[in-house]
Number of protein chains: 2
Amino acid sequence: MRKTFLFLDTVINKVDNKGRVSLPADYRSIAKELNTQIVLYRSLTSNCIEGCTEELMEKLASDIETSHDFFSSEQDDLTNLIFGDAKRYSFDSTGRILLSEKLIAHADIKDKAVFVGKGRKFQIWNEAEWAKEEQRVREEILQKRPTIKRKEDV
Amino acid sequence: MRKTFLFLDTVINKVDNKGRVSLPADYRSIAKELNTQIVLYRSLTSNCIEGCTEELMEKLASDIETSHDFFSSEQDDLTNLIFGDAKRYSFDSTGRILLSEKLIAHADIKDKAVFVGKGRKFQIWNEAEWAKEEQRVREEILQKRPTIKRKEDV
DNA sequence: TTAAATACCATGCTATACCATATAGGTAAG
DNA sequence: CTTACCTATATGGTATAGCATGGTATTTAA
(Lines give C-alpha, C1' and ligand atoms only; values in the text may rest on other atoms or scores of the structure.)
Protein backbone atom coordinates (compact mmCIF):
# COMPACT_ATOMS: atom_id res chain seq x y z
CA MET A 1 0.00 0.00 0.00
CA ARG A 2 2.76 2.42 0.97
CA LYS A 3 4.62 3.73 -2.04
CA THR A 4 7.04 6.20 -0.46
CA PHE A 5 9.28 5.79 2.53
CA LEU A 6 9.70 9.23 3.98
CA PHE A 7 10.18 10.31 7.58
CA LEU A 8 7.58 13.02 8.03
CA ASP A 9 5.86 15.10 10.72
CA THR A 10 7.04 16.32 14.10
CA VAL A 11 6.36 14.22 17.18
CA ILE A 12 7.19 14.90 20.82
CA ASN A 13 7.75 11.87 23.05
CA LYS A 14 8.82 11.49 26.62
CA VAL A 15 12.28 10.28 27.58
CA ASP A 16 12.31 8.37 30.87
CA ASN A 17 15.17 8.50 33.35
CA LYS A 18 16.85 5.52 31.72
CA GLY A 19 17.01 7.31 28.37
CA ARG A 20 14.25 5.24 26.81
CA VAL A 21 11.97 6.88 24.26
CA SER A 22 9.27 5.63 21.92
CA LEU A 23 10.19 5.88 18.27
CA PRO A 24 7.13 7.36 16.53
CA ALA A 25 4.94 4.55 15.23
CA ASP A 26 5.18 5.93 11.73
CA TYR A 27 8.97 5.73 11.77
CA ARG A 28 8.82 2.20 13.12
CA SER A 29 6.60 1.05 10.32
CA ILE A 30 9.14 2.30 7.78
CA ALA A 31 11.88 0.24 9.37
CA LYS A 32 9.56 -2.73 9.50
CA GLU A 33 8.46 -2.55 5.89
CA LEU A 34 12.01 -2.03 4.64
CA ASN A 35 13.15 -4.80 6.97
CA THR A 36 16.03 -2.66 8.15
CA GLN A 37 17.25 -1.18 11.39
CA ILE A 38 17.40 2.42 12.48
CA VAL A 39 20.80 4.06 12.77
CA LEU A 40 21.45 7.13 14.93
CA TYR A 41 24.44 9.48 15.04
CA ARG A 42 25.36 12.96 16.20
CA SER A 43 24.62 15.65 13.65
CA LEU A 44 27.78 17.19 12.24
CA THR A 45 26.34 20.67 12.11
CA SER A 46 23.69 20.99 14.82
CA ASN A 47 23.19 20.04 18.41
CA CYS A 48 20.79 17.29 17.52
CA ILE A 49 20.67 13.58 16.85
CA GLU A 50 20.24 12.43 13.28
CA GLY A 51 18.75 9.12 12.17
CA CYS A 52 18.22 7.08 9.05
CA THR A 53 17.79 3.48 7.95
CA GLU A 54 20.70 1.08 7.92
CA GLU A 55 19.91 0.66 4.25
CA LEU A 56 20.88 4.27 3.59
CA MET A 57 24.11 3.72 5.50
CA GLU A 58 24.93 0.77 3.32
CA LYS A 59 24.35 2.88 0.24
CA LEU A 60 26.63 5.54 1.66
CA ALA A 61 29.36 2.98 2.28
CA SER A 62 29.20 1.86 -1.34
CA ASP A 63 29.25 5.43 -2.60
CA ILE A 64 32.34 6.26 -0.60
CA GLU A 65 34.06 3.10 -1.75
CA THR A 66 33.55 3.91 -5.40
CA SER A 67 34.16 7.65 -5.29
CA HIS A 68 37.52 7.66 -3.52
CA ASP A 69 40.67 5.62 -3.60
CA PHE A 70 40.87 2.74 -1.21
CA PHE A 71 43.88 4.28 0.49
CA SER A 72 42.99 7.94 0.26
CA SER A 73 43.08 10.00 3.42
CA GLU A 74 39.77 11.53 2.48
CA GLN A 75 38.07 8.17 2.58
CA ASP A 76 39.83 7.38 5.83
CA ASP A 77 38.60 10.51 7.54
CA LEU A 78 35.09 10.24 6.20
CA THR A 79 34.53 6.65 7.21
CA ASN A 80 35.91 7.28 10.69
CA LEU A 81 33.61 10.18 11.25
CA ILE A 82 30.43 8.69 9.84
CA PHE A 83 30.55 5.03 10.74
CA GLY A 84 32.48 5.53 13.94
CA ASP A 85 29.69 7.62 15.33
CA ALA A 86 26.69 5.74 13.92
CA LYS A 87 25.03 2.97 15.89
CA ARG A 88 22.18 0.57 15.21
CA TYR A 89 19.17 0.97 17.46
CA SER A 90 16.58 -1.76 17.72
CA PHE A 91 13.27 -1.11 19.38
CA ASP A 92 11.48 -3.51 21.70
CA SER A 93 7.95 -4.85 21.28
CA THR A 94 6.57 -1.58 22.58
CA GLY A 95 8.60 0.48 20.12
CA ARG A 96 11.18 2.05 22.39
CA ILE A 97 14.88 2.66 21.86
CA LEU A 98 17.52 3.42 24.46
CA LEU A 99 19.46 6.57 23.63
CA SER A 100 23.15 6.42 24.48
CA GLU A 101 24.73 8.88 26.88
CA LYS A 102 26.77 10.33 24.03
CA LEU A 103 23.69 11.14 21.97
CA ILE A 104 21.76 12.55 24.92
CA ALA A 105 24.67 14.79 25.82
CA HIS A 106 25.18 16.02 22.26
CA ALA A 107 21.54 17.03 21.77
CA ASP A 108 21.06 18.09 25.39
CA ILE A 109 18.00 15.84 25.67
CA LYS A 110 16.18 16.08 28.98
CA ASP A 111 12.70 14.61 29.51
CA LYS A 112 11.28 15.35 26.06
CA ALA A 113 12.51 14.39 22.61
CA VAL A 114 11.27 16.08 19.45
CA PHE A 115 11.32 13.88 16.34
CA VAL A 116 11.46 15.91 13.13
CA GLY A 117 10.99 14.19 9.78
CA LYS A 118 13.47 15.09 7.04
CA GLY A 119 12.55 12.68 4.26
CA ARG A 120 15.23 9.99 4.07
CA LYS A 121 16.51 11.09 7.45
CA PHE A 122 15.06 12.46 10.64
CA GLN A 123 16.34 14.45 13.59
CA ILE A 124 15.84 14.34 17.34
CA TRP A 125 15.94 17.64 19.21
CA ASN A 126 15.74 19.06 22.67
CA GLU A 127 12.34 20.74 22.88
CA ALA A 128 13.54 24.29 23.46
CA GLU A 129 16.37 23.96 20.94
CA TRP A 130 13.96 22.81 18.28
CA ALA A 131 11.67 25.74 18.94
CA LYS A 132 14.60 28.08 18.32
CA GLU A 133 15.72 26.15 15.25
CA GLU A 134 12.25 26.14 13.76
CA GLN A 135 12.00 29.87 14.32
CA ARG A 136 15.36 30.40 12.64
CA VAL A 137 14.40 28.30 9.63
CA ARG A 138 11.05 30.05 9.25
CA GLU A 139 12.65 33.47 9.35
CA GLU A 140 15.17 32.42 6.75
CA ILE A 141 12.41 31.25 4.46
CA LEU A 142 10.54 34.53 4.92
CA GLN A 143 13.62 36.49 3.90
CA LYS A 144 13.92 34.51 0.71
CA ARG A 145 10.23 34.85 -0.07
CA PRO A 146 10.33 38.28 -1.76
CA THR A 147 12.79 36.92 -4.31
CA ILE A 148 10.46 34.09 -5.09
CA LYS A 149 7.50 36.44 -5.38
CA ARG A 150 9.32 38.69 -7.76
CA LYS A 151 9.93 35.77 -10.02
CA GLU A 152 6.26 34.88 -9.96
CA ASP A 153 5.27 38.45 -10.78
CA VAL A 154 7.48 38.55 -13.85
CA MET B 1 16.62 -8.56 10.12
CA ARG B 2 20.20 -7.55 9.40
CA LYS B 3 20.95 -7.20 5.72
CA THR B 4 24.08 -5.09 5.88
CA PHE B 5 27.43 -5.84 7.41
CA LEU B 6 28.90 -2.56 8.53
CA PHE B 7 31.29 -2.03 11.40
CA LEU B 8 29.71 0.84 13.31
CA ASP B 9 29.96 2.76 16.56
CA THR B 10 32.85 3.40 18.90
CA VAL B 11 33.39 0.97 21.77
CA ILE B 12 35.98 1.11 24.55
CA ASN B 13 37.03 -2.25 25.98
CA LYS B 14 39.56 -3.18 28.57
CA VAL B 15 42.82 -4.90 27.66
CA ASP B 16 44.08 -7.19 30.41
CA ASN B 17 47.76 -7.74 31.19
CA LYS B 18 47.92 -10.68 28.80
CA GLY B 19 46.82 -8.51 25.89
CA ARG B 20 43.35 -10.02 25.75
CA VAL B 21 40.45 -7.83 24.71
CA SER B 22 36.80 -8.46 23.89
CA LEU B 23 35.91 -7.85 20.29
CA PRO B 24 32.64 -5.86 20.44
CA ALA B 25 29.69 -8.23 20.21
CA ASP B 26 28.39 -6.43 17.19
CA TYR B 27 31.64 -6.97 15.30
CA ARG B 28 31.67 -10.63 16.25
CA SER B 29 28.19 -11.17 14.89
CA ILE B 30 29.33 -9.82 11.53
CA ALA B 31 32.15 -12.34 11.35
CA LYS B 32 29.75 -15.05 12.42
CA GLU B 33 27.03 -14.20 9.92
CA LEU B 34 29.50 -13.88 7.05
CA ASN B 35 31.18 -17.06 8.25
CA THR B 36 34.56 -15.40 7.92
CA GLN B 37 37.44 -14.55 10.19
CA ILE B 38 38.69 -11.21 11.42
CA VAL B 39 42.00 -9.98 10.05
CA LEU B 40 44.14 -7.39 11.82
CA TYR B 41 47.15 -5.41 10.56
CA ARG B 42 49.06 -2.25 11.35
CA SER B 43 47.54 0.80 9.70
CA LEU B 44 49.67 2.16 6.89
CA THR B 45 48.91 5.75 7.76
CA SER B 46 48.15 6.04 11.47
CA ASN B 47 49.36 4.69 14.77
CA CYS B 48 46.46 2.34 15.07
CA ILE B 49 45.45 -1.22 14.32
CA GLU B 50 43.16 -1.82 11.40
CA GLY B 51 40.80 -4.74 10.98
CA CYS B 52 38.38 -6.21 8.48
CA THR B 53 36.89 -9.49 7.42
CA GLU B 54 38.98 -11.99 5.52
CA GLU B 55 36.32 -11.63 2.85
CA LEU B 56 37.30 -8.00 2.26
CA MET B 57 40.95 -9.07 2.03
CA GLU B 58 39.97 -11.36 -0.80
CA LYS B 59 38.28 -8.48 -2.56
CA LEU B 60 41.30 -6.27 -2.03
CA ALA B 61 43.53 -8.93 -3.54
CA SER B 62 41.36 -9.01 -6.64
CA ASP B 63 41.33 -5.24 -6.91
CA ILE B 64 45.10 -5.03 -6.76
CA GLU B 65 45.39 -7.74 -9.38
CA THR B 66 43.35 -5.74 -11.84
CA SER B 67 44.48 -2.20 -11.03
CA HIS B 68 48.25 -2.54 -11.39
CA ASP B 69 50.59 -4.36 -13.67
CA PHE B 70 50.96 -7.86 -12.41
CA PHE B 71 54.75 -7.51 -12.15
CA SER B 72 54.91 -3.86 -11.14
CA SER B 73 57.00 -2.83 -8.18
CA GLU B 74 53.99 -0.91 -6.91
CA GLN B 75 51.98 -4.05 -6.57
CA ASP B 76 54.91 -5.79 -4.95
CA ASP B 77 55.16 -3.09 -2.34
CA LEU B 78 51.46 -3.00 -1.61
CA THR B 79 51.06 -6.73 -1.30
CA ASN B 80 54.11 -6.97 0.89
CA LEU B 81 52.90 -4.27 3.20
CA ILE B 82 49.34 -5.38 3.58
CA PHE B 83 49.27 -9.11 3.28
CA GLY B 84 52.66 -9.54 4.89
CA ASP B 85 51.43 -7.76 7.97
CA ALA B 86 47.89 -9.10 8.20
CA LYS B 87 47.01 -11.99 10.46
CA ARG B 88 43.80 -13.86 11.23
CA TYR B 89 42.51 -13.51 14.75
CA SER B 90 40.01 -15.98 16.16
CA PHE B 91 38.11 -15.20 19.30
CA ASP B 92 37.34 -17.64 22.09
CA SER B 93 33.91 -18.62 23.43
CA THR B 94 33.75 -15.40 25.42
CA GLY B 95 34.59 -13.27 22.38
CA ARG B 96 38.14 -12.23 23.19
CA ILE B 97 41.16 -11.96 20.92
CA LEU B 98 44.82 -11.83 21.91
CA LEU B 99 46.57 -8.84 20.40
CA SER B 100 50.16 -9.47 19.29
CA GLU B 101 53.07 -7.49 20.72
CA LYS B 102 53.66 -5.98 17.29
CA LEU B 103 50.13 -4.59 17.07
CA ILE B 104 50.09 -3.36 20.65
CA ALA B 105 53.40 -1.56 20.13
CA HIS B 106 52.29 0.04 16.86
CA ALA B 107 49.10 1.47 18.34
CA ASP B 108 50.59 2.12 21.77
CA ILE B 109 47.76 0.21 23.41
CA LYS B 110 47.81 0.22 27.20
CA ASP B 111 44.88 -0.93 29.31
CA LYS B 112 42.10 0.39 27.07
CA ALA B 113 41.35 -0.29 23.41
CA VAL B 114 39.03 1.94 21.40
CA PHE B 115 37.23 0.16 18.55
CA VAL B 116 36.13 2.60 15.85
CA GLY B 117 33.78 1.44 13.09
CA LYS B 118 34.72 2.37 9.52
CA GLY B 119 32.03 0.61 7.53
CA ARG B 120 33.80 -2.25 5.78
CA LYS B 121 36.75 -1.90 8.14
CA PHE B 122 37.38 -0.87 11.72
CA GLN B 123 40.28 0.52 13.73
CA ILE B 124 41.67 -0.02 17.21
CA TRP B 125 43.19 2.99 18.96
CA ASN B 126 44.88 4.04 22.12
CA GLU B 127 42.28 6.04 24.03
CA ALA B 128 44.08 9.37 24.14
CA GLU B 129 45.31 9.04 20.55
CA TRP B 130 41.78 8.47 19.30
CA ALA B 131 40.49 11.52 21.14
CA LYS B 132 43.09 13.61 19.31
CA GLU B 133 42.39 11.94 15.97
CA GLU B 134 38.63 12.39 16.26
CA GLN B 135 39.11 16.06 16.97
CA ARG B 136 41.40 16.47 13.97
CA VAL B 137 39.03 14.64 11.61
CA ARG B 138 35.99 16.62 12.71
CA GLU B 139 37.69 19.91 12.06
CA GLU B 140 39.04 18.80 8.71
CA ILE B 141 35.76 17.39 7.46
CA LEU B 142 33.84 20.50 8.41
CA GLN B 143 36.20 22.55 6.27
CA LYS B 144 35.99 20.19 3.30
CA ARG B 145 32.28 19.65 3.53
CA PRO B 146 31.26 21.52 0.35
CA THR B 147 33.69 19.40 -1.69
CA ILE B 148 32.26 16.20 -0.33
CA LYS B 149 28.71 17.28 -1.03
CA ARG B 150 29.56 18.01 -4.62
CA LYS B 151 30.99 14.55 -5.04
CA GLU B 152 27.96 12.89 -3.52
CA ASP B 153 25.61 14.85 -5.73
CA VAL B 154 27.32 13.73 -8.91
C1' DT C 1 60.28 -28.02 31.18
C1' DT C 2 58.81 -23.59 30.94
C1' DA C 3 56.39 -20.07 28.84
C1' DA C 4 52.80 -18.66 26.12
C1' DA C 5 48.61 -19.18 23.72
C1' DT C 6 44.03 -20.95 23.79
C1' DA C 7 39.78 -22.65 25.74
C1' DC C 8 36.57 -22.77 29.43
C1' DC C 9 34.04 -21.30 33.92
C1' DA C 10 32.08 -17.66 37.03
C1' DT C 11 30.19 -13.06 38.13
C1' DG C 12 28.29 -8.55 37.94
C1' DC C 13 26.19 -5.22 35.15
C1' DT C 14 23.27 -3.28 31.79
C1' DA C 15 20.72 -3.38 27.58
C1' DT C 16 16.66 -5.20 26.04
C1' DA C 17 12.42 -7.97 26.06
C1' DC C 18 8.09 -8.31 28.06
C1' DC C 19 3.84 -7.32 30.92
C1' DA C 20 0.58 -3.97 32.62
C1' DT C 21 -1.58 0.44 32.63
C1' DA C 22 -2.77 4.93 30.73
C1' DT C 23 -4.08 8.07 27.04
C1' DA C 24 -5.78 9.54 22.75
C1' DG C 25 -8.10 9.01 18.19
C1' DG C 26 -11.59 7.08 15.66
C1' DT C 27 -16.07 4.81 14.87
C1' DA C 28 -20.54 3.46 15.53
C1' DA C 29 -24.58 3.38 18.19
C1' DG C 30 -27.85 5.96 21.02
C1' DC D 1 -24.61 15.85 18.91
C1' DT D 2 -23.20 13.03 22.53
C1' DT D 3 -21.71 8.92 24.60
C1' DA D 4 -19.64 4.55 24.84
C1' DC D 5 -16.52 1.40 23.02
C1' DC D 6 -12.49 -0.16 20.56
C1' DT D 7 -7.93 0.06 18.75
C1' DA D 8 -3.34 1.82 18.56
C1' DT D 9 0.20 4.15 20.69
C1' DA D 10 2.78 5.75 24.57
C1' DT D 11 4.71 5.07 29.12
C1' DG D 12 5.89 2.87 33.85
C1' DG D 13 7.75 -1.03 35.85
C1' DT D 14 10.19 -5.51 36.10
C1' DA D 15 12.53 -9.78 34.65
C1' DT D 16 15.81 -11.85 31.77
C1' DA D 17 19.49 -12.67 28.67
C1' DG D 18 23.69 -11.15 26.68
C1' DC D 19 28.02 -9.06 27.27
C1' DA D 20 32.43 -7.66 29.21
C1' DT D 21 35.78 -9.15 32.27
C1' DG D 22 38.41 -11.58 36.07
C1' DG D 23 40.07 -15.92 36.82
C1' DT D 24 41.72 -20.73 35.91
C1' DA D 25 42.67 -24.96 33.39
C1' DT D 26 44.35 -27.12 29.37
C1' DT D 27 46.91 -27.33 25.32
C1' DT D 28 50.71 -26.00 22.21
C1' DA D 29 55.25 -24.58 21.07
C1' DA D 30 60.06 -23.34 22.09
Side-chain angles (χ1 to χ4, degrees), chain A residues 1-2 7-33 36-41 49 51 54 86-105 109-117 122 124-125 127, chain B residues 1-2 7-33 37-40 49 51 86-105 109-117 122 124-125 127 130:
Chain A
M1 174 66 72
R2 187 200 292 274
F7 295 106
L8 298 175
D9 203 6
T10 297
V11 174
I12 301 178
N13 280 344
K14 196 176 180 190
V15 182
D16 69 15
N17 44 25
K18 291 180 196 167
R20 289 188 304 180
V21 62
S22 281
L23 201 68
D26 207 42
Y27 292 14
R28 272 183 268 158
S29 73
I30 291 177
K32 246 186 183 170
E33 290 201 42
T36 186
Q37 277 191 291
I38 294 294
V39 169
L40 299 182
Y41 53 95
I49 302 166
E54 193 178 356
K87 185 176 185 299
R88 295 182 194 85
Y89 282 80
S90 54
F91 40 84
D92 60 23
S93 57
T94 61
R96 275 184 294 197
I97 55 176
L98 182 72
L99 297 175
S100 72
E101 273 303 320
K102 190 167 76 173
L103 292 181
I104 289 177
I109 302 283
K110 306 290 187 199
D111 60 334
K112 293 278 181 62
V114 185
F115 292 82
V116 185
F122 62 90
I124 310 176
W125 287 81
E127 208 176 8
Chain B
M1 168 67 84
R2 184 205 296 277
F7 294 106
L8 298 178
D9 203 7
T10 297
V11 175
I12 302 178
N13 280 345
K14 198 174 180 191
V15 182
D16 68 14
N17 43 26
K18 292 180 195 167
R20 290 187 304 179
V21 62
S22 282
L23 200 67
D26 207 42
Y27 291 14
R28 272 183 268 158
S29 75
I30 290 176
K32 246 186 182 169
E33 290 199 45
Q37 275 192 290
I38 294 294
V39 171
L40 299 182
I49 303 165
K87 184 176 182 296
R88 292 181 198 86
Y89 282 79
S90 54
F91 39 85
D92 62 21
S93 58
T94 60
R96 276 184 291 200
I97 56 176
L98 183 70
L99 297 175
S100 71
E101 271 305 320
K102 190 169 73 174
L103 292 181
I104 288 178
I109 302 283
K110 306 290 186 198
D111 60 334
K112 294 276 182 62
V114 185
F115 293 81
V116 184
F122 63 90
I124 311 176
W125 287 80
E127 207 176 9
W130 168 244

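Just so it is clear: chains get the letters A, B, ... in the order the sequence lines come, proteins before strands, and each one is counted from 1.
At whole-Å resolution of the value, CZ in Arg20(B) and P in dT24(D) are 11 Å apart. The nearest whole Å value for the distance from the OH atom in Tyr27(A) to the P atom in dA10(D) is 11 Å. For the pair Asp16(A) CG and dA20(C) P, the computed distance is 19 Å after rounding to whole Å. Atom CD in Gln37(A) sits roughly 13 Å away from atom C1' in dT16(C) (whole-Å rounding). Here dA10(D) presents its P atom at 14 Å from NZ of Lys112(A), a figure rounded to the nearest Å. With rounding to whole Å, Leu23(A) atom CG is found 15 Å from dT16(C) atom C1'. Here the P atom of nucleotide dT27(D) and the CG atom of Asp92(B) are 16 Å apart, to the nearest Å. Going from atom CZ of Phe91(A) over to atom C1' of dA15(C) covers 16 Å, rounded to whole Å.
At a threshold of 4.0 angstrom between heavy atoms, the contacts of Ile12(B) with the nucleic acid are absent. Asn13(B) comes within 4.0 angstrom of sugar-phosphate atoms only, judged by non-hydrogen atoms across all strands, and of no base.
Here OH of Tyr41(A) is found 12.0 Å from CG of Leu8(B). Values are rounded to the nearest 0.5 Å. The CG atom of Leu40(A) sits 5.0 Å away from atom CZ of Phe122(A), with the distance rounded to the nearest 0.5 Å. With rounding to the nearest 0.5 Å, the separation of OG in Ser90(B) from CG in Leu23(B) is 11.0 Å.
Dashed line: the shortest gap from a side-chain N or O of Arg28(A) to OP1 or OP2 of dA8(D) is not under 4.0 Å.
Within the structure, side chain to side chain donor-acceptor pair (under 3.5 Å) contacts touching residues 10-19 of chain B (residues at least two apart or in different chains) are Asp16(B)-Arg20(B).
For Thr94(B), counting side-chain heavy atoms from C-beta on, the closest listed nucleotide (dA7(C), dG13(D), dT21(D)) is dT21(D). Among dC8(C), dA15(C), dG12(D), the nucleotide with an atom closest to any side-chain atom of Arg96(A) is dG12(D). Across dT21(D), dC18(C), dT24(D), the shortest atom-to-atom separation from the side chain of Lys18(B) is found for dT24(D). When distances run from any side-chain atom of Lys14(A) to the nucleotides dC19(D), dT11(D), dC8(C), the shortest one goes to dT11(D).
More than 12 heavy-atom neighbours from other residues, nucleotides or ligands sit within 6.0 angstrom of NZ on Lys102(A).
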